[in-house]
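Please read these numbers as outputs of a predicted model, since none were measured by experiment. Numbers restart at 1 for each chain; the letters A, B, ... are given by sequence-line order, proteins then strands.
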Amino acid sequence: MRSYDHRKIEAKWQEKWEKEKLYEVKDEVAGRKNRYVLVEYPYPSGNLHIGHWYAFSVPDIYARAKRMQGENVLFPMGFDSFGLPAENAAIKNKVDPREWTEENIKTMTKQLKSMGNSFDWSRRLAASDPDYYKWTQWLFLKFLDAGLAYRGKAAVNWDPVDQTVLANEQVLPDGTGERSGAKVERRYLEQWFIRITDYADRLVDDLEVLEWPEQIKESQRNWIGRKSGAEIDFKVTGTSEKIKVFTTRPDTLFGATYMVLAPEHELAEKLKNSISNWSKVTKYIKEAELKSDIDRTALDKEKTGVLLEGVSAINPANESEIPVYIADYVLAHYGTGAIMAVPAHDERDHEFAVKFGIEEVEVVEGGNIPYTGEGILKNSGEFNGMDNEDAKIKITERVGGALTNNYKLRDWLVSRQRYWGAPIPVVYDPNGNPHPIPEEHLPWLLPQDISFDVKGKSPLSTSKEFVERTESIFGQGWTPEMDTFDTFVDSSWYFLRYLDPKNESDFSDIKKQKKWMPVDMYSGGAEHTTMHVLYSRFFYKALFDLKLVTDKEPYKVRMNRGIILGTDGAKMSKSKGNVIDPDDQVKNVGADCVKMYLAFVGPYGEVGTYPWDMGGIAGIRRFLERVWGVSEKVEGTETSENVRRELNKTIKKVEEDIDEFKFNTAISQMMILVNKIEKEGPISKGDFMKFLRVLAPFAPHLTEEIWEGIGNKKSLHLDDWPIYEEKYLQSEEVKIAVQVNGKVRATISIPTDSSEEETIKVAKKDNVVSKWLGDSKVKKQIYVKNRLINFVT
RNA sequence: GCCGGAGUGGUGGAAUUGGUAUACACGCUCGACUUAAAAUCGGGUCCCUUACGGGAUGCGGGUUCGAUUCCCGCCUCCGGCACCA
């Protein structure tokens, strides 16, 4: 008897599959439906961890099964190879980020290949390849041309220790930089933005029709934060100025007894000559500007503010004159940066009003002040007695306001003062005006003669070549944009490049897109729900409007996977010493085993947290050993009836479970089958081959080896999924429950599909049942075929 | 605070969507094999009870012949948003 030597077997087949180009995918195969299965391309950190295995090897089961079921499946892999870690490594170890990245891609490719996944490696791409970022730049130019990209001054996160701007995602929740640990400050800089806010409504509304998990949709809705309300103008007394506010409660307008401007609001500066306490006001504004966002938005903070003495506004509802304050509880970037304050019906306004002794006018009948609920209006002139919902529209109309929506979503800041990213393809004329770089100069290459020894500036600004290149093309005094793109720009369209990775004249041929898009199944990490998934949905919609892609939404199904924890149930981390190295596991038990273990821990489509369980992986290994054992006893045998029934059941169940990404229950059913084969008699070679086909997506190496061992020449993975036979699914007899008044009292065996009468006859004969029924009269009986009979007395 | 998801054995998790709760696996335990251990194989394993029975799917109600599943009210955990007007 040969032994299951996974090392030899896995190496052998991986080599063979690669040599025979088994998984290279054509854009079209007659009679086969195309299916695009996508997993998030990894950052080449240099080492594969368990999370990568969970992310890539489990969806491979799906890709393989669909391929065997007659579909033409695209399952590509690439690298998200621009980004901060390469640059940090470069600074720390004095290595070229390019070399560091390429080295990592090499090792990770090797590791990825050890999974034995059915990736089509011929379509591999890397975001840092000039062939790729040429098109990232090209797409940005299209956005620029369409008015979707603009340069604007914005508050950005400034790390005072590292002397650099940080991305929002590089700022920890406590307001410190992730690298330096320094408290992040606010700075105002000219940056490039993309108008994702133009698409806010479509990004919310189009979620409706997507068949995505509610959790993912809800997170996106919360992030976009759409709220309906009204914009209303308040006149500033004695001037031609107006203060525009956004409110979700125009129905409470009669209760607006003061106004508040954000410290950044431009009106104060305009009116400074009429503000008698201007020095006090400027002092407050300066203090507010120095505070971080975290400090300013701390919930437990007491309200502060300053009255603009000599300035007042007119409430358009009742023409009363009301004071105007500046306070940092009003945020510049939300709404209009100014509010009408209704202390009787808003908790924050109430708190402020109490502190500053401002009048409160109750205009909605309800409970205690502040009352924020619904109700009937009072103290509101002609609107008294009106339902507050109706009043929202009516009052807005009367004061000439406009019903609008407001969003939390802000435009996407894509500039990074970093080296290792795609250069933003823009140059500036001697007057400092930006100009797009003409297409023929793409890719606008990342310069190489740079130094990281700069404080507060992009490393690109140290390149002599970069400036010379710009001047030689555009003329004396012209300068290049020194910032690079956020890496989320790269990853917003990579799934389109897989379709046409070598095209030199187009980012992705639309004819090829038509064959594959939208992505049928996209699986990835939950942390990307409001970043990458939102950005790429926006990108795709913008490209749709530019007629560069074929659909409105890029992903038909999005699925977030869970997290694999250490054996101690804590998140794996070097400091805790609980990191499981997948390479070690593969060496010990094999790639098939690791993959199946990960598929078995729980339903893949639900975001669970699963501790790594050494016993659990041993259990899977035992199962694979048993399959190997059974395979040696299939020559010249006939399948027993019980085994045949279980086999057909297994084919059906595994097929259905794979469609729902419930690999755990599919594996469970295969275990039941193997247990049955071992206990209840033999299986024929032909039937065993059916089982091998079902197991093939889960354990591709083992099954291929057995397949070959029992005399097959062609690869198992090119074979078809077996067809189960309905007639073998049912047994002649079926066990059903007999209940008396809803409680199970006995189990009886009756012929399958027995009639109600027959079932009752047999059931009543049962000793226990008749004991429970006694003399009482059966009022009613509920009969569920092949399942139960319930006597109600 | 608002919104979403989820609570089932010692553990990961099943349950044909209203029909025999706890499949499968881990762990534990008893036994076989062994000088012994590992590996392997076989039995047991929700709780109470000697048994007959009874009770359990976060808690409390309801609908139903029958509820893990549907409805109402709580509790806890996870996730998103949050001085967002």
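For the C1' atom pair drawn from B:rC74 and B:rC83, the interatomic distance equals 30 Å after rounding to whole Å. The same atom, P, is picked in B:rG19 and in B:rA67; the two are 11 Å apart, to the nearest Å. Separating the P atom of B:rU69 from that of B:rG60 is a span of 13 Å, rounded to the nearest Å. Nucleotides B:rA23 and B:rC46 have their P atoms positioned 8 Å apart, rounded to a whole Å. Nucleotides B:rU29 and B:rG10 are separated by 13 Å at their C1' atoms, to the nearest Å. For the P atoms, the distance from B:rG4 to B:rG53 is 47 Å, rounded to whole Å. One C1' atom belongs to B:rA6, the other to B:rU16, and the distance between them is 22 Å to the nearest Å. Going from the P atom of B:rG61 to that of B:rC28 covers 39 Å, rounded to whole Å.
Residues satisfying the side-chain hydrogen bond (donor to acceptor under 3.5 Å, both in side chains) criterion with A:Glu218, sequence neighbours excluded, are A:Arg221. Listed by chain and number, the residues in a side-chain hydrogen bond (donor to acceptor under 3.5 Å, both in side chains) with A:Lys392 are A:Glu389 (sequence neighbours excluded). Judged as a side chain to side chain contact (heavy atoms under 4.5 Å, CB included), and not counting sequence neighbours, the contacts of A:Phe623 are A:Met596, A:Val627, A:Met670, A:Met671, A:Val674, A:Phe691, A:Leu695. By the side-chain hydrogen bond (donor to acceptor under 3.5 Å, both in side chains) test, A:Asn767 pairs with no residue at all, sequence neighbours left out. For A:Asp592, the salt bridge (Lys or Arg N to Asp or Glu O under 4.0 Å) criterion is met by no residue, not counting sequence neighbours. Applying the side chain to side chain contact (heavy atoms under 4.5 Å, CB included) criterion to A:Ala353, with sequence neighbours excluded, gives A:Tyr258, A:Pro343, A:Ile358, A:Glu360.
Using the Watson-Crick or G-U wobble rule with both distances under 3.5 Å, B:rU64 pairs with nothing in any strand shown. In a base pair of the Watson-Crick type (N1 to N3 plus N6-O4 or O6-N4) or a G-U wobble (N1-O2 and O6-N3), with each distance short of 3.5 Å, B:rU45 is matched with B:rG27. A 3.5 Å limit on both hydrogen-bonding distances identifies B:rC75 as the Watson-Crick or G-U partner of B:rG7. Across all strands shown, B:rC2 pairs with B:rG80; the Watson-Crick or G-U wobble distances both stay below 3.5 Å. Across all strands shown, nothing is found opposite B:rU50 as a Watson-Crick or G-U wobble partner with both distances under 3.5 Å.
Summarising the geometry of A:Ser219 relative to A:Thr529, their closest heavy-atom pair is CB-CG2, 3.8 Å, with the distance given to 0.1 Å. Across every non-hydrogen atom of A:Tyr728 and A:Asn648, the tightest pair is CB-ND2, 3.4 Å.
A straight line from CG of A:Leu331 to P of B:rA82 spans 10 Å, rounded to a whole angstrom. Spacing between atom CG of A:Asp346 and atom C1' of B:rC83 amounts to 9 Å, rounded to whole angstrom units. Between A:Gln781 atom CD and B:rG66 atom C1' the separation is 15 Å, expressed in whole Å. Whole-Å rounding puts the A:Met670 CE to B:rA25 C1' distance at 13 Å. What separates CD1 of A:Ile667 from P of B:rA23 is a distance of 18 Å, to the nearest Å. Following rounding to the nearest Å, A:Ile789 (CD1) and B:rU20 (P) show an atom-to-atom distance of 14 Å. Rounded to a whole Å, the CZ atom of A:Arg226 is 17 Å from the P atom of B:rC3. At whole-Å resolution of the value, CE in A:Met671 and P in B:rC24 are 11 Å apart.
Between A:Asn786 and B:rU16 there is no side-chain polar atom (N or O) within less than 4.0 angstrom of OP1 or OP2.
Side-chain atoms of A:Asn578 come within 3.5 Å of backbone N or O of A:Lys571 as a donor-acceptor pair. With hydrogens and angles ignored, the 3.5 Å screen pairs a side-chain donor or acceptor of A:Thr336 with a backbone N or O of A:Lys244. For A:Tyr371 (side chain) and A:Glu374 (main-chain N/O), a donor-acceptor pair under 3.5 Å exists by modelled atom type. Using a distance-only test at 3.5 Å, with no hydrogens or angles considered, a donor-acceptor pair links the side chain of A:Tyr597 to the main chain of A:Asp613. Side chain of A:Asn315 to backbone of A:Ala256: a donor-acceptor contact under 3.5 angstrom is found. Not one N or O on the side chain of A:Lys780 forms a donor-acceptor pair closer than 3.5 Å with the backbone of A:Val792.
Nearest to the side chain of A:Val744, among B:rC83, B:rA21, B:rC65, sits B:rA21.
Between A:Glu351 and A:Lys355 there is no salt bridge, since no side-chain nitrogen of the basic residue lies less than 4.0 Å from a carboxylate oxygen of the acidic one. Ionic pairing of A:Lys649 and A:Glu646 is present here: one or more N-O contacts between side-chain nitrogen and carboxylate oxygen are shorter than 4.0 angstrom. A salt bridge between A:Arg7 and A:Asp5 is absent, with no side-chain N of the basic residue lying under 4.0 Å from a carboxylate O of the acidic one.
Heavy-atom nearest nucleotides on RNA chain B were determined for A:Val330 and for A:Ala618, and the one closer to the 5' end corresponds to A:Ala618. Between A:Ala262 and A:Val784, the residue whose closest nucleotide on RNA chain B is further toward the 5' end is A:Val784.
Taking the ring axis of A:Phe352 as reference, the NZ or CZ atom of A:Lys303 does not stay both within 45° of it and closer than 6.0 Å to the ring centre.
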Expected rows: protein N/O vs nucleotides 29-33 of chain B N/O, under 3.5 Å:
none

Within the sub-3.5 Å range, which N or O atoms of nucleotides 50-54 of chain B have a protein N or O partner, and how far apart are they?
| from | atom 1 | to | atom 2 | distance (Å) |
| --- | --- | --- | --- | --- |
| B:rG54 | OP1 | A:Arg745 | NH2 | 3.4 |
| B:rG54 | OP2 | A:Arg745 | NH1 | 3.0 |

Enumerate all atom pairs, one protein N or O and one N or O from nucleotides 67-74 of chain B, separated by less than 3.5 Å.
none

Just the table, please: protein N/O against nucleotides 6-15 of chain B N/O, every pair under 3.5 Å.
| from | atom 1 | to | atom 2 | distance (Å) |
| --- | --- | --- | --- | --- |
| B:rG12 | O2' | A:Val601 | O | 2.5 |
| B:rG13 | O3' | A:Asn664 | ND2 | 3.3 |
| B:rA14 | OP1 | A:Asn664 | ND2 | 3.1 |
| B:rA15 | OP1 | A:Lys662 | NZ | 3.4 |

Atom pairs, protein N/O to nucleotides 41-48 of chain B N/O, distance under 3.5 Å:
none

Using atom names, set out every protein N or O paired with an N or O of nucleotides 75-80 of chain B below 3.5 Å, distance rounded to 0.1 Å.
| from | atom 1 | to | atom 2 | distance (Å) |
| --- | --- | --- | --- | --- |
| B:rG80 | O2' | A:Ser219 | O | 3.4 |
| B:rG80 | N2 | A:Asn222 | ND2 | 3.3 |
| B:rG80 | N3 | A:Asn222 | ND2 | 2.9 |

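Taking 4.5 Å as the limit, every side-chain heavy atom of A:Ile580 sits out of range of all side-chain heavy atoms of A:Trp53.
Its glycosidic angle being within 90° of 0, B:rG9 falls on the syn side.
More than 12 heavy atoms of other shown residues, nucleotides or ligands fall within 6.0 angstrom of atom CD in A:Glu527.
Between the side chain of A:Arg787 and the base of B:rU20, no donor-acceptor pair of N or O atoms lies under 3.5 Å.
Taking the six-membered ring for Trp and thresholds of 30 and 60 degrees, A:His532 and A:Tyr555 have ring planes inclined between 30 and 60 degrees apart.
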